[in-house]
Amino acid sequence: MLNQVVHAIKAPVTAGSSKVHDILKQVLDHAKTTGLVDQFCFCLEISGTSLISGSSNLLHAASEVCRASWLLVDALENFALNRNACTFPLDSFHCHLLAQLDIKDHDHGPFIGTGSDEIVEAVSKAFLKSKPMQIAIYYCLRQRVETVVSAGIQLLLRCCAYNGTIPIVLCGLPNSLPVTTVVSGGGDHTLVSEIFSILSLCTSSLNVDPETGEANSKGKLSHPQILISQSCLLLATIAQSFKSAGRNSAFFILTTSSKKQQSRILSLAHYFSSVNDMKTSFQPHCASAMLAFASILALENGASVESSIIEIAMPLIPRTATLFDHLKMSSKDECERGFTRANCTLSYWHGLKDGCVGLLESRLKYGGPLAIQQACAGGIPQLLFNMLGNNLPDVSAPATDVKNGCIGLSPTGVVWAISSISHCLPGGALTFRQILLRNEHVKLICDLVSDAHLRFIRSRVGPGPGMNGVRDITNAVIDLLAFPFVAVQNAPGLPSTSASVSSGSLLNMGSPGGRVTKEDTDTMKGIEENMGKYIKILLEVGVPVVILRCVDNLESKDTARAVAFLAKMTGHKPLAIQLVGKGLLEPARVRRLLDGSCPREVILDVLMIISDLARMDKVFYECIHKANILPLLKEFLTHDDPNVRAKACSAIGNMCRHSCYFYELLAAQNIITLLIDRCADSDKRTRKFACFAIGNAAYHNDLLYEELRRSIPQLANLLLSPEEDKTKANAAGALSNLVRNSSRLCEDIVSKGAMQALLKVVSEYSMVALNPTRKDSISESPLKIVLFALAKMCAHSPCRQLLRSSELFPVIVRLRQSSESAIVNYASVIYDKVSGA
């Protein structure tokens with residue numbers, strides 16, 4: 001009966017179709033409300049229990065139930081398709097359907113209003129709960145009855161798209177396996193292994209004559225291409241689900257056996273590696289094989305365990321020129337070759353061109369400089385921009401036809417397209433200018449992370465869309481737009497102090513900008529010469545605002561790369577002004593990013609943003625104050641992560657750099673006491689920045705001198721300890737500032753051993769200062785700052801008296817003979833003040 005319902009739904013529309021469809025809807029509604037799917041699952045469980053006991057009596061029943069379950073889902077999906085055509089977010093975005101569709105934030109899938117999501121949910125839950133049901137479906141596939149195999153695969157594909165745990169079970173992995181743990185999956189007697197066996201059967205059924213290229217009609221299967229397509233889409237969905245969850249290894253599907261890896265990779269490549277005809281290349285079975293191959297290969301990006309999978313796969317990927325020819329087909333070309341816009345989708349989750357773009361991305365990622373050069377020379381970047389903008393040449397169809405899916409890219413395909421453009425960027429200065437120095441390109445890329453497009457992605461389920469899809473497309477866009485910042489920061493000899501240390505390392509992970517080296521002189525020259533123009537484009541397009549909105553649209557756990565890009569942009573004043581003006585430091589936004597729900601990298605980058613803004617200009621002080629950051633800084637000074645403590649000290653130091661704006665506020669929050677404690681921190685970087693902050697807290701006036709009194713012995717101790725030269729210089733500078741504005745602390749400076757410690761440092765570094773051949777070494781030592789501090793202290797009588805009586809004073813006298821002019825100057829000032837006292 002369900003089979004007849006499906007045929008009736010798929011039948012051409014006639015005059016009486018409306019009445020027929022009403023009857024069919026009643027049938028489907030009855031099937032849902034009577035709990036038919038629960039009965040199906042129960043039958044599968046009973047059949048599986050029988051199979052486990054060694055009896056195959058119920059295997060035929062299991063096969064029929066499996067087929068009936070799929071027919072029910074298929075009927076509901078097709079009934080929905082008769083009302084609303086399936087579209088991908090990018091297609092709908094370009095035809096401006098968002099307002100008409102009234103998409104809201106929800107967790108419904110592509111079957112909104114049909115109830116098939118309820119059916120898939122019920123089957124998924126039963127499948128995960130019941131081992132006998134899993135066994136029953138496994139044996140249904142092993143029967144090799146074509147209709148049953150097809151039904152089982154289609155049902156599993158829907159379950160995988162709906163529930164991220166299903167792929168784990170299909171690969172025979174433990175349900176509790178940590179995301180970062182890599183083990184062998186897809187071994188013998190797993191459902192994934194059975195899928196590859198089905199592909200082998202399909203290959204033998206095709207039995208293509210290598211000379212004539214014609215298929216042998218004596219094959220075992222009537223429609224092997226259909227099973228190939230369905231099997232490959234299931235494998236692609238499994239791989240994409242793993243990728244979306246952060247499981248980065250093809251071992252989960254291909255096993256750790258090199259023999260099985262090669263066999264399975266070759267079985268997929270067989271369907272597309274020898275294809276040259278463009279119409280054939282986009283037949284569903286061929287396009288699906290491309291997609292499965294690319295999706296599995298994508299698992300190796302970021303894998304923690306090295307494997308030979310890339311080495312096996314790369315020779316099987318078609319040449320860049322071949323991929324270009326396949327992708328450049330316009331909508332008109334597709335129609336002439338027999339394609340309709342409706343069949344530019346392989347499924348609700350997979351676009352016809354996804355696999356081809358995925359293979360291109362892999363070739364660019366792993367093919368080295370030559371692959372990038374070939375792609376750039378062949379016009380690949382512009383082709384991809386045309387695809388993303390729905391601007392392929394010769395598009396003759398009206399704009400409203402876009403809703404039928406003529407672009408052929410799912411959310412996953414869009415991410416691969418953006419990534420492919422990014423991988424072309426190291427191709428030279430000309431490529432950089434052609435890609436990123438064009439307002440329309442930057443605007444197009446920003447549109448892909450607009451609220452409207454992200455809302456559409458978020459509204460769907462599956463491994464490509466949903467909240468993980470929002471994360472993936474946002475990160476891909478950021479890697480593209482951040483390329484010049486990453487490349488400049490990584491280039492040898494260029495200063496990186498204006499960019500967040502943590503964001504640099506984070507964006508370098510898999511980022512094309514991190515692949516730029518000192519040998520890439522043409523690329524680096526192009527970036528350096530045009531960085532100002534690029535920043536101007538970012539401002540004109542409003543990229544800072546776009547990235548701020550991305551942060552708001554992401555889940556807290558996924559904000560790291562977006563905030564890292566904000567940190568990089570903050571290092572450039574024009575971008576910083578726009579960011580702050582558009583709400584970068586809004587209290588609610590800052591609180592969300594620092595409340596502990598975001599990754600540690602986010603906390604470090606936000607602290608770096610505060611530090612960079614404070615160092616850049618005092619005009620930002622008021623905004624920093626309004627962000628209500630001080631209570632959080634107070635907490636971070638005792639954080640268990642030393643990097644956080646160090647960043648907090650640095651931020652406070654820069655907040656005191658230009659004026660005394662924060663002095664009273666720091667005192668009111670009792671932050672100075674904690675800051676002084678950090679001078680004895682177990683982390684050397686924290687000690688260094690604590691000295692820096694104390695020095696600036698004492699620089700502008702003596703308001704905080706009483707609270708800072710306790711820091712004097714701490715600073716003296718650092719001067720006498722085996723610390724970094726920079727830490728000693730910061731400590732000396734802080735002591736200098738403690739006598740800069742009044743003599744209130746002079747007695748403590750003398751009695752707590754601070755001056756003696758400074759003199760000891762002078763003695764240690766004097767030999768280097770008096771050696772003309774060691775001039776470079778002295779410029780890196782703390783000696784100049786120490787002498788400057790002593791010169792300041794000489795303005796106060798107690799300090800002069802100690803210097804005059806010190807046995808180390810003759811060392812300062814001798815330093816007047818140094819070859820370094822600054823040292824001579826400071827030593828002479830000290831000598832004159834002490835001698836004239």
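Every salt bridge (Lys or Arg N to Asp or Glu O under 4.0 Å) that Asp552 has, sequence neighbours left out, goes to Arg549, Arg589. For the side chain to side chain donor-acceptor pair (under 3.5 Å) test, residues two or more places apart in sequence or in another chain that qualify with Ser150 are Gln230. Evaluation of the salt bridge (Lys or Arg N to Asp or Glu O under 4.0 Å) rule for Arg144 yields Glu194 as partners, not counting sequence neighbours. Partners of Phe127 by ring pair (Phe, Tyr, Trp, His ring centres under 6.0 Å), not counting sequence neighbours: none found. Judged as a side-chain contact (heavy atoms from CB on, under 4.5 Å), and not counting sequence neighbours, the contacts of Lys131 are Gln134, Ile135. The side chain to side chain donor-acceptor pair (under 3.5 Å) search around Ser419 returns Glu361, His423, not counting sequence neighbours. Applying the salt bridge (Lys or Arg N to Asp or Glu O under 4.0 Å) test to Lys125 and every residue at least two apart in sequence or in another chain returns Glu121. Val148 pairs by the side-chain contact (heavy atoms from CB on, under 4.5 Å) definition with Ser63, Cys140, Val145, not counting sequence neighbours. Annotation: salt bridge (Lys or Arg N to Asp or Glu O under 4.0 Å) contacts of Lys557 (sequence neighbours excluded): Glu555.
Without hydrogens or angle criteria, Trp416 side chain to Pro411 main chain gives no donor-acceptor distance under 3.5 Å. Judged purely by atom type and a 3.5 angstrom limit, Thr237 uses its side chain to pair as donor or acceptor with the backbone of Leu233.
How far CG of Leu346 is from CE of Met290: 11.0 Å, rounded to the nearest 0.5 Å.
Proximity of Gln382 to His441: side-chain heavy atoms (C-beta onward) are separated by under 4.5 Å at one or more points.
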May I have the list of side-chain donor-acceptor pairs in residues 310-317 shorter than 3.5 Å, sequence neighbours left out?
none

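Sorted by first then second residue, the ring pair (Phe, Tyr, Trp, His ring centres under 6.0 Å) pairs that include residues 223-247, not counting sequence neighbours, are Phe242-Phe252. Sorted by first and then second residue, the pairs that involve residues 286-297 and meet side chain to side chain donor-acceptor pair (under 3.5 Å), not counting sequence neighbours, are Ser229-Ser288, Gln240-Ser295.
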